[in-house]
Amino acid sequence: MNRPPIYPVAMMRSGKGGTVLVNVATDACGRVVDAQVKRSSGVAMLDEAAITAARLWVLTPEQRAKQVDGRVEREVSFAMDKTVRSVSYAPLDWPRTHRRPRYELEPLEAFATARDASDAMKVDVADTIKPPYPLQSTFFRNRAASPQHEYWMFIYKAGAPTVAARYRLAGGEDDPLVKLALVCDGTPDACDQARAFLLRGLPFAKAQR
């Protein structure tokens, strides 16, 4: 059985759902070799999640029976479960020692784009922390980096991640430091503005002046 698509956390939190009509081509064994959006859900992030899932499909002979010129159409639905929408945000566990830190830029070499970072950093909706800004975004602590305190924030535009920011806490109470690394998929000017904005510090951890 083909696995269902991964429901993007940001879309869960915002309550957005929809249906994507996907057009796929398969090889002789039913493995999908090409997938395209035939009808969009209207949300870019859901469309991309549907295509990502479709590329892993293996269709049965019955599912391929309606092929036309080697292609077949199938719907991928993202239906919001009310219980998911009611899940509370995880508590903010940002250390008190770093409520007034210095911020320092460091490279984010592991990812070339914000989309790459978003695809790699999977997080359960129940582990997300309330976003610190009134933007379409996701904020969470990366528990895999434990015992080090590491947090991530993804900022979205038109449903797609455009900024990925990693906050790594360093130093101690006498000299608290937050190492900020980010990758931005926008224009140079937009990325410069995002960098300057984030270097001011988080609302609960303003940068030292």
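- For the pair Glu75/Arg39, a side-chain contact is recorded, criterion being any heavy-atom separation below 4.5 Å from C-beta on.
- Cluster annotation: Leu169 and Met121 are assigned to distinct hydrophobic clusters (Ile/Leu/Val/Met/Phe/Trp/Tyr, side-chain heavy-atom contacts under 4.5 Å, transitive).
- When each of Tyr167, Trp94, Phe140 is paired with Tyr151, the ring pair (Phe, Tyr, Trp, His ring centres under 6.0 Å) condition holds for Trp94 and for no other.
- Following chains of ILVMFWY side-chain contacts shorter than 4.5 Å, one cannot reach Leu177 starting from Leu198, and the two form parts of different hydrophobic clusters.
- Aromatic ring pairs are classed by plane angle as parallel below 30°, tilted from 30° to 60° and perpendicular above 60°; the pair Phe154 and Trp152 is parallel.
- Scanning all heavy atoms of the two residues, the minimum distance from Cys191 to Asp185 falls at SG-N, 4.3 Å.
- Contact annotation: the side chain of Val24 approaches that of Val72 to within less than 4.5 Å [non-hydrogen atoms, C-beta and beyond].
- Between Asp175 and Arg102 there is a salt bridge, since at least one side-chain N of the basic residue sits less than 4.0 Å from a carboxylate O of the acidic one.
- With respect to the salt-bridge test (charged N to carboxylate O, under 4.0 angstrom), the residues Arg168 and Glu106 qualify.
- The closest donor-acceptor contact from the side chain of Asp47 to the backbone of Ser41 lies under 3.5 Å.
- Asp119 contributes atom CG, which lies 6.0 Å from atom OG1 of Thr52 (distance to the nearest 0.5 angstrom).
- A distance-only check finds no donor-acceptor pair linking the side chain of Ser118 to the backbone of Ala114 [under 3.5 Å].
- Heavy-atom neighbours of Gln148 CD from other residues, nucleotides or ligands within 6.0 Å: above the threshold of 12.
- When every heavy atom of Ala50 is checked against every heavy atom of Phe78, the shortest pair comes out as N-CZ, 3.9 Å.
- Here the CG atom belonging to Asn142 is positioned 9.5 Å from the CZ atom belonging to Arg166, to the nearest 0.5 angstrom.
- Salt bridge absent: Lys66 and Glu73 never bring a charged side-chain N and a carboxylate O closer than 4.0 Å.
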| field | Derivation of the side chain to side chain donor-acceptor pair (under 3.5 Å) call for Tyr156 and Thr138 | value | CA-CA 8 Å; Tyr156 304 91; Thr138 302; 3.1 Å; yes
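- Annotation for Val58 and Cys29: closest pair CG1-O, 3.8 Å, computed over non-hydrogen atoms.
- Atom OH of Tyr103 and atom CG of Leu180 lie 8.0 Å apart (nearest 0.5 Å).
- With respect to Tyr133, the ring pair (Phe, Tyr, Trp, His ring centres under 6.0 Å) criterion is satisfied by exactly one of Phe197, Phe139, Phe204: Phe197.
- Counting only heavy atoms from C-beta outward, the side chains of His149 and Pro95 approach each other to under 4.5 Å.
- Within the 4.5 Å cutoff, no side-chain heavy atoms of Asp192 are placed close to those of Thr187.
- For Leu182 against Ala165, the heavy-atom pair with the smallest separation is CB-CA, 4.1 Å.
- Shown are Arg64, Gln63, Gln67, Arg31; of these, the side-chain hydrogen bond (donor to acceptor under 3.5 Å, both in side chains) with Thr26 is made only by Gln67.
- Heavy-atom minimum distance, Lys206 versus Pro101: O-CD, 3.4 Å.
- Leu46 and Val37 fall within the same hydrophobic cluster, where Ile, Leu, Val, Met, Phe, Trp and Tyr residues are linked whenever their side-chain heavy atoms come under 4.5 Å apart, directly or through other members.
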| salt bridge (charged side-chain N to carboxylate O under 4.0 Å, His left out) between Arg55 and Asp34, worked out | CA-CA 7 Å; Arg55 287 172 179 158; Asp34 180 62; over 6 Å; no
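- When side chains are defined from C-beta on, Val76 does not count as touching Thr19, because their heavy atoms never get closer than 4.5 Å.
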| task | Report the C-alpha separation of Arg74 and Trp57 in whole Å, then their side-chain angles, then the decisive distance to 0.1 Å, and conclude whether the side chain to side chain contact (heavy atoms under 4.5 Å, CB included) test is met. | result | CA-CA 11 Å; Arg74 293 182 63 82; Trp57 288 348; 3.9 Å; yes
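- The main-chain N or O of Leu135 is found under 3.5 Å from a side-chain atom of Ser137 such that the two form a donor-acceptor pair.
- Looking only at distances, no side-chain donor or acceptor of Thr128 sits under 3.5 Å from a matching main-chain atom of Tyr89.
- Under a 3.5 Å cut-off, the side chain of His98 and the backbone N or O of Ala170 do form a donor-acceptor pair.
- Considering all non-hydrogen atoms of both residues, Asp174 and Pro176 come closest at C-CD, 3.7 Å.
- Taken together through direct or relayed side-chain contacts under 4.5 Å among Ile, Leu, Val, Met, Phe, Trp and Tyr, Val178 and Ile155 form part of one hydrophobic cluster.
- Atom CD1 of Ile51 sits about 11.5 Å away from atom CG of Leu56, to the nearest 0.5 Å.
- Two different hydrophobic clusters hold Phe111 and Met153 under the rule that ILVMFWY side chains link at heavy-atom gaps under 4.5 Å.
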| request: Show your working on salt bridge (charged side-chain N to carboxylate O under 4.0 Å, His left out) between Arg143 and Glu150 and close with a plain yes or no. | output: CA-CA 8 Å; Arg143 299 288 177 181; Glu150 179 181 295; over 6 Å; no
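- In summary, Glu173 and Arg96 do not engage in a salt bridge, as defined by a charged side-chain N under 4.0 Å from a carboxylate O.
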